[in-house]
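Keep in mind that the numbers below use all heavy atoms, side chains included, and drop hydrogens, waters and symmetry copies. Values in this document were obtained by computation on a predicted structure and should not be read as measured data.
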Amino acid sequence: MAFTVVGFIGLCSLLLGYGVHVEASHRVFSNLQSHQNTTATHQPYRTGYHFQPAKNWINDPNGPMIYKDIYHLFYQYNPYGAVWGNIVWAHATSTDLVNWVHHEVAIKPSIDSDINGCWSGSATILSGEKPAILYTGGDPQNRQVQNLALPKNLSDEFLREWIKPPRNPVMTPIDGINASSFRDPTTAWKGLDGRWRVIIGSQIDRQGKAILYRSKDFIHWVRAQHPLHSSNNTGMWECPDFFRVSVNSTVGLDTSLNGPSVKHVLKVSLGETQHDCYTIGTYDLKKDMYIPDNGSIDNGFGLRFDYGKFYASKTFFDSSKNRRILWGWINESDSEQDDIKKGWSGIHAIPRNLWLDKTGKQLVQWPIQEIKMLREKPVDWQSTEMKPGSVSEVLDVTAAQVDVEILLDLPTLEKAENMDPSWVDPQLLCSEKGASVKGSLGPFGLLALASKGLKEQTAIFFRVFKDQERYVVLMCSDQSRSSLRQDLDKTTYGAFLDVDPLHEGLSLRSLIDHSIVESFGGNGKACIIARVYPELAINDNAHLYVFNNGTENVMLSKLSAWSMKKAQIIY
Ligand code: DQQ
């Protein structure tokens with residue numbers, strides 16, 4: 001792909017040939033796209049059990065599905081370098097979502113309507129168990145169009161080859177659709193009339209839109225007169241996802257299933273902030289419109305799948321285990337030059353099972369149970385009191401590659417500090433009150449990827465405040481001391497956690513994997529991913545601690561930790 005490049009942080013605007021203005025949400029460095037990988041041997045940041053290819057750039061997970069008992073994951077990939085560009089759909093399969101086999105690239109530019117890149121999209125299982133993929137292509141004018149790809153050979157359970165029917169593209173940016181903001185088709189679902197529906201992410205004048213199309217045969221698509229949903233001042237909606245959740249059970253639902261006990265979720269990836277935001281609401285099947293519930297905020301300031309690094313995510317319904325599974329892309333916190341030196345950029349989060357919380361007000365996420373197959377050498381602590389200022393090391397684990405769960409109980413909440421009404425932004429609050437800022441009830445939690453002497457540490461912790469008659473729990477991931485290096489994105493992340501600290505206690509699970517700390521607070525009510533690059537706390541020199549930097553005692557009621565084996569990834 002010959003791009004003329006105007007790279008800048010955040011949204012990337014390209015003025016390409018034919019006078020068409022095209023935007024992509026990644027920095028583009030044309031001179032670096034086919035940069036030779038280095039032969040870097042010092043690779044302390046490659047992960048042991050997170051998904052990543054052998055080398056090069058990856059971003060969005062695409063088209064996850066299960067077919068003939070095999071899980072398929074496609075992903076945005078640059079075969080020629082560690083920066084975004086030359087995008088194709090790479091492909092891997094697994095029988096357990098933990099160990100993976102990489103295959104040949106599944107979809108690459110080969111027809112007019114994808115000659116400038118094969119961007120994100122989704123898979124749908126059509127009747128007769130036939131998978132179909134809709135994805136965005138860049139056409140010769142660099143307009144974004146939607147294409148269809150079908151398996152060449154349905155008896156190949158690995159679905160290694162994909163063909164593109166001559167009818168492509170199946171949707172084009174006409175009648176007022178912005179040709180540079182028209183991408184990322186969802187998994188399709190069936191409406192009351194038996195027709196397929198799909199939404200495409202878009203924007204007009206910073207109004208985010210989920211453009212709705214309908215089809216009888218999955219080939220001829222007709223745009224509906226109105227979007228499924230739209231919202232002002234959000235900017236571009238990338239990678240939308242629209243699915244049902246059960247109101248009274250944790251089981252997942254087929255995307256096309258309708259019924260009385262379901263709510264709907266619309267997730268959009270906001271290009272401007274790189275946040276995956278979602279609302280819970282109702283889908284009016286007759287009007288074909290989605291309406292978020294009262295209080296479910298759709299302007300980018302509401303709920304997020306993850307309050308750290310996690311973007312362009314996608315769910316799919318795992319019919320073999322009746323669950324809905326979420327995948328997300330995690331980018332780097334270092335520079336492009338660092339990525340070129342490493343020879344790679346981007347990993348995927350551990351797939352998460354996801355369901356509606358019993359309050360009906362938010363989703364709950366939890367790492368897929370299969371990840372436990374990598375656990376070994378369990379370490380269990382008896383209930384221990386953590387005195388103010390205490391820091392205790394969790395010994396006998398490989399702290400650079402570990403799964404750890406703790407439960408903290410507070411004997412009394414009397415001493416909780418008062419919540420200031422101006423503290424509305426949890427991320428800001430966490431950065432003002434980092435792990436080293438003493439409080440009353442908190443900070444307490446884990447120090448991950450820490451060096452001996454604690455010069456380096458990634459702190460994941462809680463603080464409890466009193467707000468009139470209720471208690472507010474803040475969960476933070478503080479990266480400010482994660483590395484001796486200064487030239488990194490060390491943003492501190494935070495979220496408010498909707499739990500009752502007195503009766504439920506405060507639970508925290510962290511999946512730690514060399515350069516990633518993936519944390520789940522309150523049994524999955526708030527999730528925060530951090531990417532960190534310690535210089536001292538690598539491999540055997542990494543340590544894990546529990547700490548209490550508040551002035552009150554905290555009960556560590558439970559600590560269980562497991563060293564994690566490496567996942568088997570065949571390239
Ligand atoms: N990444 C893809 C786009 C999508 C963006 C291009 C989100 O289709 O909008 O690689 O990260």
Side-chain angles (χ1 to χ4, degrees), residues 307 357-359 361-362 364-366 379-394 404-421 423-424 426-448 450 454 457-478 492-510 517 519-528 544-561:
Y307 294 84
D357 182 51
K358 49 186 184 310
T359 60
K361 293 199 169 125
Q362 67 160 103
V364 181
Q365 302 162 59
W366 199 244
V379 170
D380 282 296
W381 282 12
Q382 298 296 322
S383 181
T384 329
E385 195 166 52
M386 294 195 341
K387 298 235 176 308
S390 68
V391 182
S392 315
E393 181 162 8
V394 183
V404 54
E405 292 185 28
I406 57 173
L407 178 64
L408 300 157
D409 281 306
L410 302 166
T412 160
L413 300 181
E414 264 169 39
K415 297 276 172 55
E417 296 157 78
N418 285 331
M419 179 85 188
D420 185 312
W423 294 344
V424 288
Q427 174 158 321
L428 191 63
L429 191 52
C430 286
S431 54
E432 284 168 0
K433 290 176 180 288
S436 56
V437 180
K438 217 177 250 318
S440 175
L441 294 181
F444 44 69
L446 293 169
L447 300 178
L454 300 177
Q457 53 172 270
T458 294
I460 313 99
F461 61 87
F462 301 111
R463 285 174 188 272
V464 181
F465 300 102
K466 187 164 171 38
D467 183 17
Q468 294 170 5
E469 285 320 299
R470 64 186 196 114
Y471 293 94
V472 175
V473 178
L474 181 71
M475 172 178 168
C476 305
S477 181
D478 176 357
T492 288
Y493 305 120
F496 290 122
L497 189 60
D498 182 19
V499 294
D500 170 357
L502 193 57
H503 299 104
E504 294 172 55
L506 294 170
S507 74
L508 176 64
R509 177 175 181 191
S510 289
V517 182
S519 300
F520 300 80
N523 293 315
K525 281 189 157 183
C527 311
I528 303 182
L544 175 67
Y545 299 87
V546 281
F547 79 104
N548 175 14
N549 197 20
T551 55
E552 299 305 306
N553 283 355
V554 178
M555 205 59 197
L556 179 64
S557 304
K558 182 177 161 250
L559 180 147
S560 302

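The backbone N or O of N523 lies less than 3.5 Å from a partner atom in the side chain of S507, making a donor-acceptor pair. Between the side chain of E417 and the main chain of S440, a donor-acceptor pair closer than 3.5 Å is present. Proximity of a side-chain donor or acceptor of Q362 to a complementary backbone N or O of K525 within less than 3.5 Å is detected. Within the 3.5 Å criterion, the main-chain N or O of Q382 finds a donor-acceptor partner in the side chain of T384.
Between L506 atom CG and L508 atom CG the span is 9.5 Å, to the nearest 0.5 Å. Separation of atoms OH (Y307) and OG (S477) is listed at 14.5 Å; rounding is to 0.5 Å.
The salt bridge (Lys or Arg N to Asp or Glu O under 4.0 Å) contacts involving residues 492-509 comprise D403-R509, E405-R509, where partners must be two or more places apart or lie in separate chains. Residue pairs meeting the salt bridge (Lys or Arg N to Asp or Glu O under 4.0 Å) criterion with at least one member in residues 465-475, sequence neighbours excluded, are D467-R470. Within the structure, the salt bridge (Lys or Arg N to Asp or Glu O under 4.0 Å) test picks out the following pairs touching residues 379-391 (sequence neighbours left out): E385-K387.
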Problem set entry | Verdict with supporting geometry, N548 and S390, side chain to side chain donor-acceptor pair (under 3.5 Å) | CA-CA 5 Å; N548 175 14; S390 68; 5.2 Å; no
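The two residues V499 and G522 make their nearest non-hydrogen contact at CG1-CA, 4.0 Å. Of all non-hydrogen atoms in A459 and A435, the two that sit nearest each other are CB-CB, 3.5 Å. Contact detail for F547 and P443: the closest heavy-atom pair is CE1-O, 3.6 Å. Across all their heavy atoms, G550 and P388 have their closest contact at O-CB, 3.2 Å.
Judged purely by distance below 3.5 Å, without hydrogens or angles, the side chains of S557 and D409 pair a donor atom with an acceptor atom. In this model, a donor atom of one side chain and an acceptor atom of the other lie less than 3.5 Å apart for S510 and S519.
Qualifying side-chain contact (heavy atoms from CB on, under 4.5 Å) partners for K438, counting only residues two or more places apart in sequence or in other chains: N549, T551. For F465, the ring-ring contact (aromatic ring centres under 6.0 Å, His included) partners at least two apart in sequence or on another chain are W423. Taking F520 as the reference, W366 meet the ring-ring contact (aromatic ring centres under 6.0 Å, His included) condition, with sequence neighbours excluded.
Looking at heavy atoms from C-beta onward, L446 lies out of side-chain contact with F461 at the 4.5 angstrom threshold. Side-chain contact between L413 and L441 is present, with at least one heavy-atom pair separated by less than 4.5 Å. The shortest side-chain heavy-atom distance between M386 and M555 does not fall under the 4.5 Å cut-off. Between D478 and C430 there is no side-chain heavy-atom pair separated by less than 4.5 Å. Under the 4.5 Å side-chain criterion, counting only non-hydrogen atoms from C-beta, F496 is in contact with L474. Contact of the L454 side chain with the L447 side chain is registered, since non-hydrogen atoms from C-beta on lie closer than 4.5 Å. When side chains are defined from C-beta on, L410 counts as touching V464, because their heavy atoms get closer than 4.5 Å.
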